[in-house]
> 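Sending over a structure as structure tokens; questions will come in a sec.
Just so you know, these numbers use all the heavy atoms, side chains as well, and skip hydrogens, waters and symmetry mates. Both ligands and their constituent atoms are indexed starting at 1 by order of listing.
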Amino acid sequence: MTKAIKEPSFRDGVNLMVDRAISVIGLDAGVANAIKSCNAVIQVQFPVKIRGKIEVFTGWRATHSTHRLPSKGGIRYAPYADQNEVEALAALMTYKCAIVNVPFGGSKGALLIDPSQYERDEMEMITRRFALELIRKGFLSPSTNVPAPDVGTGQREMAWIADTYKQLNPEDINYVACVTGKPLHHGGIEGRVEATGRGVQYAIQEFFRHSDDVKKANMSGSLDGKTCVIQGFGNVGYHAAKFLSEEDGVKITAIIKSTGALVNDEGINIEQLHQHIDEHHEIETYPCAQYVKDGQTVLEKECDILIPAALENQINLENVDRINAKLIVEAANGPISFGADSVLNRKGIIVIPDAYANAGGVTVSYFEWIRNISHIRFGRIQRRHEEMRGMEMTKMFEEATGNSVSKHIRDTITRGADELDLVRSGLDDTMRMAYQEIRETMDNDENIKDFRTSAFVTSIRKIARSYLDVGIL
Ligand code: NAD
């Protein structure tokens with residue numbers, strides 16, 4: 001049996017990565033400590049009567065920073081959750097928001113639970129009770145702390161939380177903004193469910209627009225035909241796989257789940273696989289790929305792009321030397337340990353870090369929150385006006401040239417942007433601009449050699465400036 005290599009905890013690993021960036025900036029130690037420390041964390045324990053028996057549940061919510069309000073971050077339901085993980089994830093949210101210019105502080109929450117062991121009604125009771133604890137203790141409101149979905153939670157949990165907040169605060173006109181990632185008919189926004197996977201796609205597209213970066217990763221050309229291995233086929237992994245394969249011509253040669261992996265060097269049809277899982281609830285009998293029981297070994301499969309989209313610490317000192325990818329895009333939070341990150345940097349394997357790569361979720365959450373507090377759907381006011389302008393332009397062109405415009409061009413020009421168009425456009429813009437800022441930071445400082453350090457430097461400079469501007473320090 002191989003001896004486990006001791007590595008820092010997730011929280012310490014994040015802090016070590018941040019320290020690397022702080023040393024590049026040469027930031028005052030006091031300011032650095034203020035930025036790194038977690039502002040507040042609560043642990044709640046509450047009883048719920050399940051099938052006639054009382055069960056006590058434990059949950060946490062950490063507010064890492066409040067230099068911008070509200071603080072923002074998902075709520076995770078997992079049987080392995082703990083306070084250390086919640087604090088690490090809350091810290092990542094602080095840096096992430098600053099990287100993509102989302103004016104929020106960082107927060108995160110978790111409930112120690114295996115959701116697969118409970119019925120829907122039981123999950124509702126537990127979620128409402130957890131929300132009650134967070135609301136009463138000042139850790140959940142539209143203006144101070146706004147959760148979103150994460151591992152093990154989704155739209156339905158967000159709807160229950162919003163409704164619980166509304167019952168307790170009937171006078172709050174902005175109650176629906178107390179969580180994001182809600183169902184559309186409960187104040188959600190088009191494009192939120194797909195947002196993190198979509199953001200991963202936009203980040204990779206932007207990487208491939210920078211031929212120097214592509215060359216550094218020992219690749220050339222466009223995304224079309226590149227091979228890609230994805231770990232995790234939940235919200236983030238599925239959407240990233242779908243968009244990259246259907247829209248960019250990427251070949252998804254392996255999908256890794258907790259129950260094994262599927263491999264097909266010709267590329268896996270993502271929608272077909274998704275339907276198979278919906279119908280059969282397993283991947284072993286999927287007919288169009290080879291099933292590998294030990295999914296973890298498939299992380300080491302040769303590919304152009306490796307996308308870990310499941311859990312933290314998946315690439316660590318045990319397996320990092322066997323990783324055979326040219327580019328790793330961290331769709332999950334913390335999938336590469338601090339030690340493994342240093343090894344990858346030494347080997348010249350490019351890593352697009354989590355705090356940038358998976359920021360699509362919080363970016364569209366920001367759009368949803370704005371929609372909620374402004375009480376109007378994006379596009380509602382200008383859409384028909386844009387259509388009318390398009391029709392007039394087409395008519396003018398036809399009259400001036402005597403030629404008629406094809407149906408395809410007419411439909412394109414005379415279509416006003418709807419909410420989904422605007423959300424995707426805003427997300428694409430955010431991911432492109434953030435990449436360019438990170439790139440610029442790296443170009444301007446020869447001590448910065450990797451994207452993660454550059455992303456943290458970019459982010460910490462903004463946070464430090466905001467602390468110093470208001471004179472907190
Ligand atoms: P999810 O619960 O929808 O999916 C998680 C997936 O990981 C599932 O397919 C599960 O089978 C798989 N998985 C679990 N253990 C695994 C293992 N050992 N090996 C392989 N696969 C395993 O969660 P999600 O929302 O897709 O989140 C995935 C990651 O992305 C997490 O790190 C989360 O923090 C991060 N993230 C999510 C969002 C979001 O909007 N949902 C936003 C930013 C970051």
Side-chain angles (χ1 to χ4, degrees), residues 10 14 72-81 85-86 88-93 95-97 99-100 102 106-110 113-116 147-158 179-182 188-189 191-200 203 229-242 254-262 270 273-274 277-278 281-283 292-299 306-316 319 329-336 353-366 368 427 431:
F10 182 22
V14 170
K72 193 83 185 74
I75 289 185
R76 173 176 287 199
Y77 283 2
Y80 52 79
E85 180 191 72
V86 171
L89 291 164
L92 275 177
M93 285 305 297
Y95 306 119
K96 190 179 301 186
C97 290
I99 289 169
V100 290
V102 163
S107 185
K108 201 81 182 189
I113 188 172
D114 179 355
S116 67
D150 194 76
V151 173
T153 57
Q155 291 186 331
R156 76 173 189 179
E157 284 75 16
M158 299 306 115
V179 280
T180 57
K182 301 174 291 289
I189 192 168
R192 175 59 184 90
V193 176
E194 65 171 46
T196 308
R198 183 63 82 180
V200 169
V229 170
I230 299 191
Q231 183 197 37
F233 203 58
N235 179 315
V236 180
Y238 159 66
H239 284 105
K242 177 179 169 66
I255 292 285
I256 309 167
K257 282 182 58 86
S258 50
T259 51
L262 290 170
I270 297 303
L273 172 61
H274 196 241
I277 295 173
D278 264 0
H281 308 286
E282 48 79 29
I283 56 169
V292 179
K293 195 163 189 301
D294 185 1
Q296 207 64 14
T297 58
V298 178
L299 269 180
L306 172 60
I307 306 183
L311 304 171
E312 45 261 20
N313 200 31
Q314 295 302 294
I315 300 172
N316 47 47
N319 63 1
V329 182
E330 292 186 314
N333 283 308
I336 301 178
D354 45 9
Y356 163 68
N358 68 31
V362 74
T363 302
V364 177
S365 277
Y366 169 47
E368 180 176 333
L427 176 58
M431 297 308 289

> Does the side chain of Ile270 come within less than 4.5 Å of Phe233's, by heavy atoms?
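Side-chain contact under 4.5 Å: yes.
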> Less than 4.5 Å apart, any side-chain heavy atom of Leu311 and any of Tyr80?
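A side-chain contact under 4.5 Å exists here.
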> What's the separation between atom CG in Asn333 and atom CE in Met93, rounded to the nearest 0.5 Å?
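Here the interatomic distance stands at 8.0 Å.
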> Check side chain to side chain contact (heavy atoms under 4.5 Å, CB included) between Asp114 and all other residues, then give those that pass, not counting sequence neighbours.
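Side chain to side chain contact (heavy atoms under 4.5 Å, CB included) list for Asp114, sorted by chain: Pro79, Ser116, Gln117.
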> Should the pair Glu85-Arg76 be classified as a salt bridge under the 4.0 Å nitrogen-to-oxygen rule?
yes
> Run through ligand 1 for me and note each protein residue having a heavy atom under 4.0 Å from it, chain first, then residue number.
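Contacting ligand 1 under 4.0 Å are Arg76, Asp150, Val151, Gly152, Arg192, Thr196, Gln231, Gly232, Phe233, Gly234, Asn235, Val236, Ile256, Lys257, Ser258, Ala309, Ala310, Leu311, Ala331, Ala332, Asn333, Asn358.
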> Is there a side-chain contact between His274 and Ile277 (heavy atoms, below 4.5 Å)?
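No, too far: nothing below the 4.5 Å cut-off.
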